[in-house]
Amino acid sequence: MERGERSAVTRNGHHIGDLVPIRRRRRAVSRAESAAMSRGMPRLDDRKYREDMDRHVNDGLYDPYDRVYGRGEFTGDEE
């Protein structure tokens, strides 16, 4: 497997699948590729996006600090 070979997986002598090596991914996309991908995308209207988010997302449903206060882990004395 370490050299990129495929391996069959069996259970009780019956083939149930294959293990195949994953392809290595590039870590970065070139500037030219990024520009080419974004050319056909519509422009984002920041104000409309914010209005949509405010209308459809309730930020008050979850306060990340509630968990900490609820368990008594935070006393307010920390610096």
Side-chain angles (χ1 to χ4, degrees):
M1 283 302 291
E2 292 179 15
R3 295 185 192 99
E5 357 19 82
R6 300 173 66 107
S7 295
V9 178
T10 61
R11 174 182 272 166
N12 297 327
H14 298 288
H15 183 265
I16 60 170
D18 295 305
L19 291 176
V20 295
I22 58 172
R23 290 188 227 153
R24 292 192 174 239
R25 296 182 182 185
R26 293 184 301 172
R27 294 203 180 264
V29 175
S30 72
R31 184 177 294 165
E33 285 178 288
S34 178
M37 287 186 291
S38 64
R39 259 185 216 111
M41 296 176 68
R43 292 188 64 90
L44 178 65
D45 180 341
D46 295 342
R47 275 181 257 147
K48 172 103 171 72
Y49 174 78
R50 186 71 248 168
E51 289 169 7
D52 288 345
M53 292 301 289
D54 288 342
R55 183 172 41 254
H56 298 292
V57 176
N58 184 353
D59 288 334
L61 288 177
Y62 173 70
D63 181 353
Y65 299 104
D66 280 350
R67 294 178 302 155
V68 176
Y69 282 106
R71 288 194 308 248
E73 294 177 10
F74 181 78
T75 63
D77 297 332
E78 286 83 2
E79 293 180 25

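Computed from heavy atoms alone, side chains included, the values below leave out hydrogens, waters and symmetry copies. Being a predicted model, the structure only gives us computed values, none of them experimental.
- Contact between Pro21 and Glu5 at its shortest, heavy atoms only, is CD-O, 3.7 Å.
- By the side-chain contact (heavy atoms from CB on, under 4.5 Å) test, Asp45 is found to be paired with Arg47, Lys48, residues two or more places apart in sequence or in another chain being considered.
- By the side-chain contact (heavy atoms from CB on, under 4.5 Å) test, Ile16 is found to be paired with Val9, Arg11, residues two or more places apart in sequence or in another chain being considered.
- Qualifying salt bridge (charged side-chain N to carboxylate O under 4.0 Å, His left out) partners for Arg55, counting only residues two or more places apart in sequence or in other chains: Asp52.
- Under the side-chain contact (heavy atoms from CB on, under 4.5 Å) criterion, Glu33 pairs with Arg26, Val29, Ser30, not counting sequence neighbours.
- Scanning for side chain to side chain donor-acceptor pair (under 3.5 Å) contacts around His56 gives an empty result, with sequence neighbours left out.
- Applying the side chain to side chain donor-acceptor pair (under 3.5 Å) rule to Asp46 yields no partners; only residues at least two apart in sequence or on another chain are considered.
- Grouping Ile, Leu, Val, Met, Phe, Trp and Tyr by side-chain contacts under 4.5 Å, direct or through others, leaves Met41 on its own.
- For Arg39, the side-chain contact (heavy atoms from CB on, under 4.5 Å) partners are Ala35, Ala36, not counting sequence neighbours.
- Under the side chain to side chain donor-acceptor pair (under 3.5 Å) criterion, Asp54 pairs with Arg50, sequence neighbours left out.
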